[in-house]
Every structure is written in C-alpha cells, then in structure tokens.
Amino acid sequence: MPQVDLKSVRPYGDTLDDGKVQLGFTLPIRYGPEAKEAARQLVMKMGFEGADVVSAHDLGGHFTYFVVYGKCVHSVDVTSLRVPKVEVEQMDFFKINDLVRDKLGRKITVVAACTGSDAHTVGIDAIINMKGYAGEYGLERYPWFRAHNLGAQVPNETLVAKAIDTDADAILVSQVVTQRNVHIANMTRLVDLLEAEGIRDDVILVAGGPRISHELALELGYDAGFGPGTLPSHVAAYIAQEMVRKEHRTSPDLGKER
Ligand code: B12
C-alpha cells in the first residue's frame, strides 16, 4: 500500500498524487476541431491543468460527447470530514430476525412506496420484495417483518392512511426523480401530513434513492436516509435496532429478559 497523506488526498491516475481525473460530458455543438477545443478550454476553466481531449464522439446533430483528462490541483483533508451516516450494526437476515424475536417479541410492520409522481419502483422493490436484491432477500421474506409495498406514484395521503390502517412501525419512501427538487417538496409534504395526523413520532421514517443521503433525510425531518447500493439487510438492521432502542426508551425493562 502506498503511504497516503490523509490530510492531503488527491486523485490517483497512474501514480500517487498525480491528480489525474477523467471527465465525461456532452456539449450542444457540432463535432469537429472547434468542438474539441471548446471542451479543452472548458475543462481548463474548471481549474484542471493539462486538459487533454482523449475522445470525442459525434452524437448526431448539434451534440458531441467528450472524454477529457486533466490534472486536479486541489486536495482534501479526509481527517477533517464528518459525514452524517446511519448508525447501525450490520447484521445478516438471521441475526436481524433473532433480534426482533428476542427483544421485541412481535413482528415489525413497515409500509413502503414510491411517492408523488415518481414511478421508479425498482429501488423500493429491491428493498421490500420477496426476491430481494444483490443476493439478499427483501423484507417480505423476513419472518419477523410484515411488509406492505404500495408500489409507484402513491400519493402521500394514501401512504399515511395505510400507515394508520396497519399501525405501521416504519414508513419507507423512495424518491428517484429529483428534477426541480420535486423530491424535496414531496418528502417535506409527507412529514407535514404525519405531523398533522399526530403520528410523526410514532413511526420510524426512512427515505431512500440514488440521490438521497442520510444528511438530506435528517434535514427534511426523517430518521434515516439510504442511498445507492443499499441492501435490504441494511434497512432491516436499522429498523430492528431502532425499534429496540425505542422500546427501551419508553419502557426500560421491556425486552431485557425475552
Ligand atoms: C429504469 C428507469 C426508468 C423506468 C422505471 C421503471 C420502474 N418500474 O422503476 C421508466 C422507463 C418508467 C423510467 C421513467 C422515467 N425516468 Co427513469 N430511469 C430508470 C433508470 C435507467 C434506472 C433506475 C433503476 O431502476 N435503478 C436500479 C435501482 C435498484 O437503483 P435505485 O433506484 O438507486 O435503488 C437503490 C437505492 O437508491 C436504494 N433505494 C431506492 N429507493 C429506496 C427507498 C428506501 C426506503 C430505501 C431504504 C432505499 C432505497 O436501494 C436501492 C437498492 O440499492 C435510471 C438511470 C439509472 N441508471 O439509474 C433512470 C432515471 C432515474 N430516470 C430519469 C428520468 C428523468 C425519467 C423520466 C422523467 C423520463 C421521461 N422524460 O419520461 C421518467 C419518469 C417517470 C416517472 N413518472 O417517474 C432520470 C432521473 C433524473 C433525476 N435526477 O431526476 C434518470 C436518473 C435517468 C437520467 N440519467 O436522466 N425510468
């Protein structure tokens, strides 16, 4: 392993600290020498040194796609970073179910949906559906979870009504489309509705999607946010552990001997 200075980390191209990066982007101009020069100049203006257009593809009409190499002159102090992340002990399917059985002694009910105008269900299905994702079962397969997946384009009102109807412990929201910050408005509206119903503090509120971070979720009044690459067990472990924490807060004796 190379000796990395964590106080000054730069991109690694061919050698440590050479700062080399690769950028890919499209310009709305016709393919040709001028287009390549435009891409090169743009990358220099971004602050990279030694910009080199290594590939330019005619996309047809007035569009050209570029791959440009450049040297980044900046570095980052990794030791100073504090990134909010979901605090959870990673557990597998079996340990999670054992925890719920032993410490709660009842099933955890979750309701999930892809809300608003968003129709991208693949992400929430990956977490909830029986067949699961990336070699893991989804929450429907967990014997100590009761999972309701409401699907795509679910109005916030419908999700809240289902949560009340099922006496849900957790609400899981997927937001994939972020154009014009539609996800912010949509996620905020859900919190408002839960507060209006007086049940915000009764549920664990979880958001997820490719552009959702834990930090954003916290800012919007959620308990946790999960981004790309999330596995069902990450979510199940978080909900199970949070449920146990909650139960202990409200009745300290509960679950100890079970
Ligand atoms: C498949 C797809 C579609 C399909 C969706 C089919 C379906 N049933 O889901 C169809 C063709 C319908 C579609 C339509 C559109 N799409 Co589309 N689509 C995609 C695509 C190619 C893949 C998304 C996907 O399935 N990813 C795989 C899953 C497994 O990943 P994931 O969603 O990130 O989920 C993981 C995590 O994020 C997390 N997670 C997700 N949700 C949740 C929820 C919880 C609670 C938790 C804990 C975790 C969690 O866990 C998952 C597993 O790890 C993406 C581009 C891309 N490559 O990502 C564009 C993309 C998402 N689509 C996009 C757009 C713009 C659209 C349209 C608006 C296009 C149009 N003009 O009509 C429409 C909108 C339709 C609508 N009303 O929502 C944009 C969104 C841009 C943006 N930032 O807003 C993308 C990024 C494409 C792009 N580069 O422009 N799309």
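Note that the structure is a prediction, hence the values are computed from the model and not measured. We're numbering straight along the sequence, starting at 1. Counting starts at 1 for both ligands and their atoms, following the listed order.
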*Which residue and heavy atom of the protein sit nearest atom 47 (C) of ligand 1, plus the separation*: Val235 CG2, 3.5 Å
*Between the main-chain N or O of Val176 and the side-chain N or O of Arg211, is there a donor-acceptor pair closer than 3.5 Å?*
yes
*Applying the ring-ring contact (aromatic ring centres under 6.0 Å, His included) test to Tyr142, which of Tyr137, Phe94, Phe93 qualifies?*
Phe93
*So, the side chain of His214 versus the backbone of Pro84: is there a donor-acceptor pair under 3.5 Å, distance only?*
no
*asked:* For Arg106, is there an ion pair with Glu247 - N to carboxylate O distance below 4.0 angstrom?
replied: yes
*Would you check whether Ser117 has a nitrogen or oxygen atom less than 3.5 angstrom from a nitrogen or oxygen atom of ligand 1?*
yes
_Assess the residue pair Asp98 and Lys103 against the criterion (side-chain contact (heavy atoms from CB on, under 4.5 Å)); give the C-alpha distance rounded to whole Å, side-chain angles, the decisive distance to 0.1 Å, and a yes or no._
CA-CA 8 Å; Asp98 288 352; Lys103 298 285 184 189; over 6 Å; no
_Give me the residue, atom name and distance of the protein heavy atom closest to atom 8 (N) of ligand 1._
Thr121 OG1, 2.9 Å
*Is Glu157 salt-bridged to Arg189, cutoff N-O under 4.0 Å?*
yes
*asked:* Taking the basic N atoms (NZ, or NE/NH1/NH2) and the acidic carboxylate oxygens, is any pair closer than 4.0 Å for Lys162 and Asp167?
replied: no
_atom 68 (C) of ligand 1: nearest protein contact (heavy atom, Å)_ = Gln179 OE1, 4.1 Å
*Test item: protein heavy atom less than 4.0 Å from atom 88 (C) of ligand 1*: no
*Closest non-hydrogen atom pair, Gln241 against Glu89*: NE2-O, 2.6 Å
*Out of Thr178, Leu139, Ile124, indicate the one that has the non-hydrogen atom closest to atom 84 (O) of ligand 1.*
Thr178
*Check each atom of ligand 1 against the heavy atoms of Gln153 and keep those under 4.0 Å away; list them by number with element.*
77 (N)
*Which one of Gly123, Gly227, Pro210 has a non-hydrogen atom at the shortest distance from atom 36 (C) of ligand 1?*
Gly227
*Do any N or O atoms from the side chain of Asn156 and from the backbone of Gly116 form a donor-acceptor pair under 3.5 angstrom?*
no
*Is the backbone N or O of Ser117 less than 3.5 Å from a side-chain atom of Gln153, with the two atoms forming a donor-acceptor pair by type?*
yes
*atom 52 (C) of ligand 1 - nearest protein heavy atom and its distance*: Thr230 O, 3.3 Å
_Donor-acceptor under 3.5 Å (Glu49 side chain, Gly70 main chain)_ = no
*asked:* Any protein heavy-atom neighbour for atom 91 (N) of ligand 1 (distance below 4.0 angstrom)?
replied: yes
*Would you mind checking which non-hydrogen protein atom is closest to atom 25 (O) of ligand 1, with the distance to 0.1 Å?*
Val122 CB, 3.2 Å
Which pairs of donor and acceptor atoms, one on a side chain in residues 54-68, lie under 3.5 Å apart (sequence neighbours left out)?
| from | atom 1 | to | atom 2 | distance (Å) |
| --- | --- | --- | --- | --- |
| Ser55 | OG | His57 | NE2 | 3.2 |
| Asp58 | OD1 | Gly60 | N | 2.8 |
| His62 | NE2 | Arg30 | NH2 | 3.3 |
| Thr64 | OG1 | Ile29 | O | 2.7 |
| Thr64 | OG1 | Tyr31 | N | 3.0 |

*Which atoms of ligand 1 are found less than 4.0 Å from any heavy atom of Asp118?*
78 (O)
*Flag the pair Asp52 and Lys71 as a salt bridge only when some basic side-chain nitrogen lies within less than 4.0 angstrom of an acidic carboxylate oxygen.*
no
*Identify, by atom number and element, the atoms of ligand 1 in contact range of Phe226, meaning under 4.0 Å from any of its heavy atoms.*
47 (C)
*Establish, from distance only, whether the side-chain atoms of Ser75 and Arg10 form a donor-acceptor pair under 3.5 Å.*
no
*asked:* For atom 17 (Co) of ligand 1, which protein N/O/S atoms fall under 2.8 Å? Skip waters.
replied: His120 NE2
*asked:* Applying a heavy-atom cut-off of 4.0 Å, say which part of Ile212 lies close to ligand 1: side chain, backbone, both or neither.
replied: neither
*Return yes when at least one protein heavy atom is under 4.0 Å from atom 76 (C) of ligand 1, and no when none is.*
yes
*Report, as yes or no, whether the 6.0 Å neighbourhood of atom NZ on Lys20 holds more than 12 heavy atoms from other residues, nucleotides or ligands.*
no
*Does some non-hydrogen atom of the protein lie less than 4.0 angstrom from atom 14 (C) of ligand 1?*
yes
*asked:* Looking at ligand 1, is there an atom of it that comes within less than 4.0 Å of some heavy atom belonging to His234?
replied: no
*Less than 4.0 Å between atom 79 (C) of ligand 1 and some protein heavy atom, yes or no?*
no
*At a 4.0 Å threshold, what atoms of ligand 1 neighbour a non-hydrogen atom of Gly229?*
53 (O)
*At what distance is the nearest protein heavy atom to atom 46 (C) of ligand 1, and which residue and atom is it?*
Gly208 CA, 3.6 Å
*Among Gly209, Ala217, Ala236, which residue places a heavy atom closest to atom 37 (O) of ligand 1?*
Gly209
*Cut-off 3.5 Å, side chains only: do Gln175 and Thr115 have a donor facing an acceptor?*
yes
*asked:* I'd like to know if atom 1 (C) of ligand 1 has any protein heavy atom within a distance of less than 4.0 Å.
replied: no
*Is the shortest distance from atom 61 (C) of ligand 1 to a protein heavy atom below 4.0 Å?*
yes
_ligand 1 contact by Arg211, heavy-atom criterion under 4.0 angstrom_ = yes
*Is the closest protein non-hydrogen atom to atom 21 (C) of ligand 1 under 4.0 Å?*
no
*asked:* How long is the straight-line distance from CE of Met243 back to CH2 of Trp144, given to the nearest 0.5 Å?
replied: 12.5 Å
*Measure the distance from atom 41 (N) of ligand 1 to every protein heavy atom, then report the residue, atom name and distance (to 0.1 Å) of the closest one.*
Ser174 OG, 2.7 Å
*Look only at the side chain of Asn181 and the backbone of Ile184, and say whether a donor-acceptor pair between them is shorter than 3.5 Å.*
no
